[in-house]
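Heavy-atom basis, side chains included; hydrogens, waters and symmetry copies ignored.
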There are 2 protein chains.
Amino acid sequence: MNPVTILGLVAATLTTLAFLPQAVKTIKTKHTKDLSLGMYCVLTIGIFLWLLYGILIGDIPIILANGITLLFCLTILSLIIRYK
Amino acid sequence: MNPVTILGLVAATLTTLAFLPQAVKTIKTKHTKDLSLGMYCVLTIGIFLWLLYGILIGDIPIILANGITLLFCLTILSLIIRYK
């Protein structure tokens with residue numbers, strides 16, 4: 001595989017998995033005061049549109065990366081709303 | 001412009017600007033207890049690699065979106081380390 005393609009895949013994996021520690025931390029502590037509701041609202045909509053874009057152009061990496069990130073962001077967003 | 005391209009541009013704009021309210025909130029409150037250091041470490045590295053990927057393939061939208069997001073994430077990361 002092309003080294004540049006590998007770089008893109010590593011980048012996509014990191015930006016997808018990055019949200020996991022925040023989701024775990026928030027589930028454990030139930031504290032969301034310092035998290036921005038605005039950030040997670042805009043981010044969740046943006047990632048949903050990325051997922052839609054991936055489906056429309058038939059790009060599996062975009063679908064996978066954004067599908068997983070959407071689950072993490074929806075988890076964090078619902079916890080912010082629940083523990084507000 | 002193709003409606004699918006417009007969808008991708010809207011998605012990129014939202015996922016870039018999403019970090020602005022978190023950066024503003026954290027600058028104002030100086031409270032970072034609920035933010036995950038792990039998330040912002042992994043995310044900052046991932047976005048830096050996306051930027052590098054954009055530069056290597058010469059893709060202006062990837063460079064712009066990730067260049068701006070990197071500034072927001074570096075701001076939030078440095079505040080988390082400072083007010084830890």
Side-chain angles (χ1 to χ4, degrees), chain A residues 2-59 62 65-66 69-70 72-73 76-77 79-80 83, chain B residues 2-59 62 65-66 69-70 72-73 76-77 79-80 83:
Chain A
N2 183 330
V4 178
T5 305
I6 294 171
L7 176 68
L9 289 174
V10 173
T13 305
L14 290 182
T15 51
T16 297
L17 293 183
F19 294 91
L20 184 60
Q22 181 68 66
V24 171
K25 183 185 173 96
T26 310
I27 289 168
K28 277 187 182 167
T29 65
K30 297 183 172 62
H31 291 161
T32 61
K33 191 175 57 66
D34 304 335
L35 298 176
S36 164
L37 174 63
M39 165 175 158
Y40 282 95
C41 283
V42 176
L43 194 61
T44 302
I45 296 167
I47 291 165
F48 173 74
L49 295 184
W50 267 124
L51 177 62
L52 209 63
Y53 175 78
I55 292 168
L56 288 172
I57 67 165
D59 186 299
I62 293 180
N66 289 285
T69 313
L70 186 61
F72 292 147
C73 281
I76 299 166
L77 179 62
L79 292 169
I80 294 175
Y83 300 122
Chain B
N2 183 328
V4 178
T5 305
I6 293 172
L7 176 67
L9 289 175
V10 173
T13 305
L14 290 181
T15 50
T16 297
L17 293 182
F19 293 91
L20 184 60
Q22 181 69 67
V24 171
K25 183 185 174 95
T26 311
I27 289 168
K28 277 187 182 167
T29 66
K30 297 184 174 61
H31 290 161
T32 61
K33 190 175 57 68
D34 303 336
L35 298 175
S36 164
L37 175 63
M39 165 176 158
Y40 282 95
C41 283
V42 176
L43 194 62
T44 302
I45 296 168
I47 291 165
F48 174 73
L49 295 185
W50 268 123
L51 178 62
L52 210 63
Y53 176 77
I55 292 167
L56 288 171
I57 67 165
D59 186 299
I62 293 180
N66 289 286
T69 313
L70 186 62
F72 292 148
C73 282
I76 299 166
L77 179 62
L79 291 169
I80 293 174
Y83 299 123

Between [options], which has the largest tally of heavy atom pairs under 4.5 Å with chain A?
{"options": "B:G54, B:G46, B:A11", "result": "B:A11"}
{"options": "B:T32, B:I47, B:T29", "result": "B:T32"}
{"options": "B:G38, B:A18, B:A12", "result": "B:A18"}
{"options": "B:L35, B:T26, B:T13, B:V4", "result": "B:L35"}

Going from CE on B:M39 to CD1 on A:I76, what distance comes out if it is rounded to the nearest 0.5 angstrom?
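Separation between the atoms: 6.0 Å.
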
Tell me, side chain or backbone of [X] under 4.5 Å from chain B's heavy atoms, or both, or neither?
{"X": "A:T15", "answer": "both"}
{"X": "A:K25", "answer": "side chain"}
{"X": "A:F48", "answer": "neither"}
{"X": "A:L20", "answer": "neither"}
{"X": "A:A23", "answer": "neither"}

Is there a donor-acceptor pair under 3.5 Å between the side chain of B:Q22 and the backbone N or O of A:D34?
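Indeed, once roles are kept as given, a pair shorter than 3.5 Å links the two residues.
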
Do you know which of A:L51, A:V24, A:N66, A:L49 has the most heavy-atom pairs with chain B at a distance under 4.5 angstrom?
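If we count pairs closer than 4.5 Å to chain B, A:L49 comes out on top.
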
Quick one: closest heavy-atom pair of B:G8 and A:W50, and the distance?
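Where B:G8 meets A:W50 most closely, the heavy atoms are O-CH2, 4.1 Å.
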
Do you know the tightest heavy-atom contact between A:S36 and B:P21?
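Smallest interatomic distance, heavy atoms only, reads OG-CB, 3.5 Å.
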
Is any side-chain heavy atom of A:L14 closer than 4.5 Å to one of B:L43?
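In short, these two side chains do not touch, never coming nearer than 4.5 Å.
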
